[in-house]
> 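Sharing a structure with you now.
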Amino acid sequence: MKLQNANSNEEMGRLAADIFTDAIRAKPDIVLGLATGSTPLTLYGELIRRYGEGIADFSEVKTVNLDEYVGLAGSHNQSYRYFMDENLFNYINIDMGDTFLPDGLAEDLKAECERYNEVIDSLGGVDLQLLGIGLNGHLGFNEPSDAFSSRTQVVELTESTINANSRFFSNPSDVPRLAITMGIQDIMQAKKIILVASAGKKDIVGKAMNGEITPQVPASILQKHPDVTIILSEE
Ligand code: F6R
């Protein structure tokens, strides 16, 4: 694993954007795996800026997001579809039909997980995967557990994640208890992985990079991936 230090969240976003824009230039129809949350915001802002300056072209890019809350429509302002539209997709020249997220309103959640796996497979897998990391070491919504997950699945969110994410909801009891997430195997199959983390995640990033590889710290599995870059902001 490579570690890059950034002095600020803005610098973290620029360093990540350098990797993303280079990768898109090298493969215009690249498949990007994307994440939501606070940490990728400076990266997304930088990608929008670079698109505006003609440095980045998303016309052939495809995206698959890591996760979505169960029970929220894409139009709900806390859904991850809404987040992606508002923080990236609406401001770049991507074809919305090439942006994929699990459907949090699917009636049959198991069938939805299978559909999502088929989407990932039909795209040929992820070329460049963006990750954040939870305070408990989660990747996507793959929470600490007794075994590393394989493919897209429905998960129960832990209290730690519900508390962390309640900052975005007007009422903490509104945070969904279930989510659909790509599995650890899906993440590990990405050709290249970029993990962004702010200073508050330093301890868990240390455990993930240097600690025991255990499903109790899902991000520790990244030690087995051949091409991971962690960009850690000091802010
Ligand atoms: C969301 C996701 C999560 C977040 C993590 C960190 O799509 O994949 O694993 O990356 O919860 O969230 P922030 O960046 O808000 O601290």
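A quick note: this is a predicted structure, and the numbers were derived from the prediction, not measured. As the structure lists them, so they are numbered: ligands from 1, and atoms in each ligand from 1.
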> Of all the heavy-atom pairs spanning Pro172 and Arg177, show the shortest one and how long it is.
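Answer, listing the atom of Pro172 first, then Arg177: O-NH1, 3.9 Å.
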> Which ligand 1 atoms are under 4.0 Å away from a heavy-atom of Gly37?
14 (O), 15 (O)
> Looking only at non-hydrogen atoms, which of Gly140, Ala35, Ala219 approaches atom 3 (C) of ligand 1 most closely?
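Among Gly140, Ala35, Ala219, the closest heavy atom to atom 3 (C) of ligand 1 comes from Gly140.
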> Using only heavy-atom distances, determine whether the side chains of Asn142 and Gln153 contain a donor-acceptor pair under 3.5 Å.
yes
> Backbone, side chain, both or neither: what part of Thr39 comes under 4.0 angstrom of ligand 1, heavy atoms only?
both
> Before signing off on this row, confirm whether Asn165 and ligand 1 have an N or O atom pair separated by under 3.5 Å.
no
> Counting heavy atoms not belonging to Glu156, are there more than 12 under 6.0 Å from its CD?
no
> Looking only at protein heavy atoms, which one is nearest to atom 10 (O) of ligand 1, and what is the separation?
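Atom 10 (O) of ligand 1 sits closest to the protein heavy atom Gly132 CA, 3.2 Å.
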> Hey, looking at atom 4 (C) of ligand 1, which of Leu135, Thr36, Asn142 has the closest heavy atom?
Thr36
> Tyr69 and Tyr80: ring-ring contact (aromatic ring centres under 6.0 Å, His included), yes or no, with the steps?
CA-CA 7 Å; Tyr69 288 119; Tyr80 286 171; 4.8 Å; yes
> So, the side chain of Thr181 versus the backbone of Phe141: is there a donor-acceptor pair under 3.5 Å, distance only?
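Looks like yes, one N/O pair under 3.5 Å.
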> Give me the nearest non-hydrogen protein atom to atom 2 (C) of ligand 1 as residue plus atom name, then the distance to 0.1 Å.
Asp67 OD2, 3.5 Å
> Do the charged groups of Arg81 and Asp85 touch, with an N to O distance under 4.0 Å?
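Salt bridge between Arg81 and Asp85, a charged N being under 4.0 Å from a carboxylate O: yes.
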> Of the backbone atoms (N, CA, C, O) and the side-chain heavy atoms from C-beta on, which set of Met182 has a member under 4.0 Å from an atom of ligand 1: side chain, backbone, both, or neither?
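No part of Met182 comes within reach of ligand 1.
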> How far is atom 15 (O) of ligand 1 from the closest protein heavy atom, and which atom is that?
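For this ligand atom, the closest protein heavy atom is Ser38 N, 2.8 Å.
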> Just to confirm my output: which protein heavy-atom neighbour is closest to atom 5 (C) of ligand 1, and how far is it?
His138 NE2, 3.4 Å
> Take Arg115 and Asp108 through the test salt bridge (Lys or Arg N to Asp or Glu O under 4.0 Å) and record every step on the way to the result.
CA-CA 11 Å; Arg115 183 195 70 84; Asp108 182 341; over 6 Å; no
> Once you restrict to heavy atoms under 4.0 Å, what part of Ile133 touches ligand 1? Side chain, backbone, both or neither.
backbone
> Checking a contact table here: which protein heavy atom is nearest atom 16 (O) of ligand 1, and how many Å away?
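In this structure, atom 16 (O) of ligand 1 has Lys201 NZ, 2.7 Å as its nearest protein heavy atom.
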> Between Glu114 and Arg151, does at least one N-O distance fall below 4.0 Å, as a salt bridge requires?
no
